[in-house]
Amino acid sequence: MMAPPKNRREGASVSDTAVDVSILDSQNGITLGRILGRGTVGQAEEGSDGVMRGTIRIPEDELVYEPGVLVVPHGGTLELTLINDDKNTHCAVLPSNGDTQFLWLVNHSKGMATLELDGPGYYWYGSTTGNDEGRGLTGAIVVGGDVPSEARLDRPPQPRP
């Protein structure tokens with residue numbers, strides 16, 4: 001008989017507020033639609049210091065990041081805590097303004113990374129240890145908001161949903 005699942009949100013810096021996922025399939029929506037078929041959608045919390053914080057876990061024997069999609073309301077600094085509850089060693093290769101950060105996560109460990117994600121968009125990450133990515137250990141950080149005016153293309157206004 002299988003043991004009941006652990007509380008994945010225990011000690012998490014992810015909002016307990018339900019995230020509206022009705023916009024997942026729309027053009028110019030805030031996340032990836034149905035591309036990521038596993039895990040949940042979580043939302044980072046913004047502190048009074050302007051830094052956004054979130055926690056992502058690797059549950060035991062599941063080979064997924066939980067939540068699989070972390071929504072960040074706008075660009076800026078994200079302090080990310082990753083917790084490996086698995087019996088195996090994993091890692092996270094994380095995006096940060098065009099560069100990457102590598103976080104090694106031995107079994108039953110925790111690590112932190114400070115990411116700079118200035119622009120809106122989808123930032124993919126995964127575990128490059130063994131065949132972790134090929135077996136599903138991938139996730140996304142989705143940054144909402146508009147592109148800064150200095151980065152916008154010089155073209156006629158486009159229809160928005």
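Residue numbers run from 1 in the order of the sequence given.
In this structure, Ile83 and Ile56 have side chains that are not in contact, with every pair of non-hydrogen atoms separated by 4.5 Å or more. Between Thr77 and Leu115, every side-chain heavy-atom pair lies at or beyond the 4.5 Å cut-off. Side-chain contact between Lys110 and Thr81: present, with at least one pair of heavy atoms (C-beta onward) separated by less than 4.5 Å. Between Val72 and Leu117, every side-chain heavy-atom pair lies at or beyond the 4.5 Å cut-off. The shortest distance between side-chain heavy atoms of Arg53 and Val51 falls below 4.5 Å. Two residues are said to be in side-chain contact when any heavy atoms from C-beta on lie closer than 4.5 Å; Leu80 and Leu94 meet this criterion. Here the side chains of Leu78 and Ile141 are in contact, with some heavy-atom distance below 4.5 Å. For the pair Val142/Leu70, no side-chain contact is recorded, criterion being any heavy-atom separation below 4.5 Å from C-beta on.
For Leu82 against Ala92, the heavy-atom pair with the smallest separation is CD2-CB, 3.9 Å. For the residue pair Tyr123 and Pro95, the shortest heavy atom distance occurs at CB-CG, 3.5 Å. The shortest non-hydrogen separation linking Ser127 to Asp132 is OG-OD2, 2.7 Å. Among all heavy-atom pairs drawn from Gly145 and Pro120, the shortest one is O-CB, 3.3 Å. Closest non-hydrogen pair, His108 versus Asp85, comes out as CE1-O, 3.2 Å.
In the model, Thr40 has a side-chain atom that pairs as donor or acceptor with a side-chain atom of Glu66 under 3.5 Å. Using modelled atom types and a 3.5 Å distance limit, the side chains of Glu46 and His74 yield a donor-acceptor pair. Neither side chain, Asn88 nor Asn107, offers a donor N or O lying under 3.5 Å from an acceptor on the other.
No donor-acceptor pair under 3.5 Å is formed between the side chain of Arg57 and the backbone N or O of Thr55. Under the 3.5 Å distance criterion, the side-chain polar atoms of Glu45 are left unmatched by any main-chain donor or acceptor of Met52. Between the side chain of Asn97 and the backbone N or O of Asp118 there is at least one donor-acceptor pair closer than 3.5 Å. Using a distance-only test at 3.5 Å, with no hydrogens or angles considered, a donor-acceptor pair links the side chain of Asn84 to the main chain of Leu105.
Other residues sharing a hydrophobic cluster with Phe102 under the 4.5 Å side-chain heavy-atom criterion for ILVMFWY residues are Val93, Trp104, Val106.
With sequence neighbours excluded, no residue satisfies side-chain hydrogen bond (donor to acceptor under 3.5 Å, both in side chains) with Ser96.
Between the CD atom of Glu79 and the CG atom of Asp49 there is a distance of 7.0 Å, given to the nearest 0.5 Å. If you take OH on Tyr65 and CG on Leu137, they are separated by 4.0 Å, rounding to the nearest 0.5 Å.
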